[in-house]
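Lettering follows sequence order; numbering is per chain, from 1. Predicted, not measured: the structure shown is a model, and the values here were computed from it.
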Amino acid sequence: MSNFQRKLLKWFDSHARELPWRINRDPYRIWLSEVMLQQTTVAAVIGYFDRFVTKFPTLVSLAAAEEADVLLLWQGLGYYSRARNLHRAAKILVNEHNGKFPEDPEIFSKLPGIGRYMLGAILSQAFEQRLPIVEANTRRVYVRLLSRFDLDLDSREGQVWLWQTATDLLPRKRIGDFNQALMELGATLCRPQPLCEECPVSKECLAYQSGLQDQLPLSRKKKEFEQVQTVTLVIEDQGKFLLRQIGPGGRWARLWEFPQRTIEPEETEAEACRKLLEELGIRAQIGKEITQIRYGVTRFKIQMTALEAELTGRAIAREDFRWLLPGEWADHPLSTPMRKLAEILRNPRQLRLF
DNA sequence: AACTCGGGGAC
DNA sequence: GTCCCAGAGTT
């Protein structure tokens, strides 16, 4: 066992946080914790984890649940497909594997929601399978440990290096603890702003020995977002609401599908809006307010124009439009746009363009 | 390879 | 406001 491995494990033994999913090695709890922790911080997960295992303490109880009840417990945690995949996988295990967790990576990795990270994280913790992990914390650790300045971690080459490095570092024994220790180190000491004075493996860390730990990891390439003009309408008629949004070139539609209408490149969104309203037989006034919104996790920037208008009350309910009944979705808990629209609909006399 | 999913915390 | 987070699935 290398110095790095020995020191890291020794540090983990005395510094590991006491977390609800570490009280035993129940594969179900470990699995659940890893699902909840995807792209989600420990602090946010703990409460959800406790409530979830109280309601569904075992794999069998989860598999027997209705999806709606599972989603209810997930409400507010985000990435709801995680919950659906978890539930689907639980049913598969109960129906096709007698409710037993497969220790075989070939079988486990076929379950919905199980990618390469989940495979290693769960099977190494639960069954001491010798499988590596790469995620945000360990990524920082690997890169600093070996001082890789010359590699774009998001490239294919970078990914290959990360997983190979993770594999090479694994000890012979205590695989689960070792993987946990790597993440614990990344989460508590080897943070973006590292606390190297307290680090148990700073002598083994190439970046620290060069004094370059603050320069790593290299910042990701910034995504460039195109400024686009878009028109979104929320139209109320007799208690029903029609949503339309159009972007340049008719390239995309949001919130609800609708007949495409293109905003010409030279056309301002205000002009496009006027034409659209004219088509619909709606008299409206277009405001001047410009702002930006963030739509869920997708950060595209949108020019917004405030609009208040009066409906003429005709020629709206065209057959190719889809209508939403407020009761069907306004209280739906799972989606930001749903809530945003619910806000709009609290004042249903307003027709707003945003 | 790029997009999408989501909410919260740090700054 | 921006950036990041115990990633996976889809296209």
Whole angstrom value for the distance that separates P of B:dG6 from CG of A:Leu71: 10 Å
Length of the line joining A:Arg84:CZ and C:dT10:C1', which is rounded to integer Å: 15 Å
Counterpart residues, side-chain contact (heavy atoms from CB on, under 4.5 Å), relative to A:Thr58 (two or more places apart): A:Val60, A:Ser61
Nearest-angstrom distance from the residue atom CG of A:Leu37 to C1' of B:dG9: 15 Å
Ring centre gap for A:Trp74 and A:Tyr79 strictly below 6.0 Å: no
Sugar-phosphate, base or nothing in reach of A:Met36, heavy atoms under 4.0 Å: nothing
A:Tyr80 side-chain proximity, nearest of C:dC5, B:dG6, C:dG7: B:dG6
B:dG6 to C:dT11 separation - P atoms, rounded to the nearest Å: 15 Å
A:Gln193 or A:Ser81, whichever maps to the more 5' nucleotide of DNA chain B: A:Ser81
Closest non-hydrogen atom pair, A:Asn179 against A:Gly120: ND2-O, 4.2 Å
B:dT4 versus C:dA6 - spacing of their P atoms, nearest Å: 23 Å
Sugar-phosphate only, base, or nothing, as touched by A:Leu77 at under 4.0 Å among non-hydrogen atoms: base
Distance-only donor-acceptor test, A:Tyr79 side-chain atoms vs B:dG6 base atoms, 3.5 Å: yes
Contact under 4.0 Å: A:Gln38 side-chain N or O vs C:dA6 OP1/OP2: no
A:Arg191 CZ to C:dA6 P, straight-line distance once rounded to whole Å: 12 Å
Pairwise 5' ranking along DNA chain B for A:Arg156 and A:Ala43, keeping only the more 5' one: A:Arg156
A:Arg51 charged N/C atom sitting above A:Tyr48 aromatic ring, 6.0 Å / 45°: yes
Sugar-phosphate, base or nothing in reach of A:Ala44, heavy atoms under 4.0 Å: nothing
A:Asn85 side-chain proximity, nearest of C:dG9, C:dA6, B:dG7: C:dG9
Cluster overlap A:Leu145 with A:Tyr208, hydrophobic side-chain contacts below 4.5 Å: no
Integer-rounded Å distance: C:dC5 P and A:Glu34 CD: 16 Å
Atom-to-atom span, CH2 of A:Trp74 to P of C:dA8 - whole angstrom: 13 Å
DNA chain C-proximal residues of residues 17-30 of chain A, any heavy atom under 4.0 Å: A:Arg17, A:Leu19, A:Trp21, A:Arg22
A:Glu184 and A:Arg22 ion-paired at < 4.0 Å: yes
A:Asn3 and A:Arg6: side chain donor to acceptor below 3.5 Å: yes
Pair of N/O donor and acceptor under 3.5 Å linking B:dG8 base with A:Thr40 side chain: no
Nearest-nucleotide comparison on DNA chain C, the residue closer to the 5′ end among A:Leu119 and A:Pro192: A:Pro192
Test item: A:Ser147 and A:Leu216 side chains (from C-beta on) under 4.5 Å apart, heavy atoms: yes
Under 4.0 angstrom between A:Arg82 side-chain N/O and B:dG6 OP1 or OP2: no
Sugar-phosphate, base or nothing in reach of A:Pro112, heavy atoms under 4.0 Å: sugar-phosphate
Donor-acceptor under 3.5 Å (A:Arg144 side chain, A:Cys205 main chain): no
Length of the CH2-C1' vector between A:Trp31 and C:dA8, whole Å: 14 Å
Sugar-phosphate only, base, or nothing, as touched by A:Arg139 at under 4.0 Å among non-hydrogen atoms: nothing
Between C:dC3 (P) and A:Gln39 (CD): distance, integer Å: 16 Å
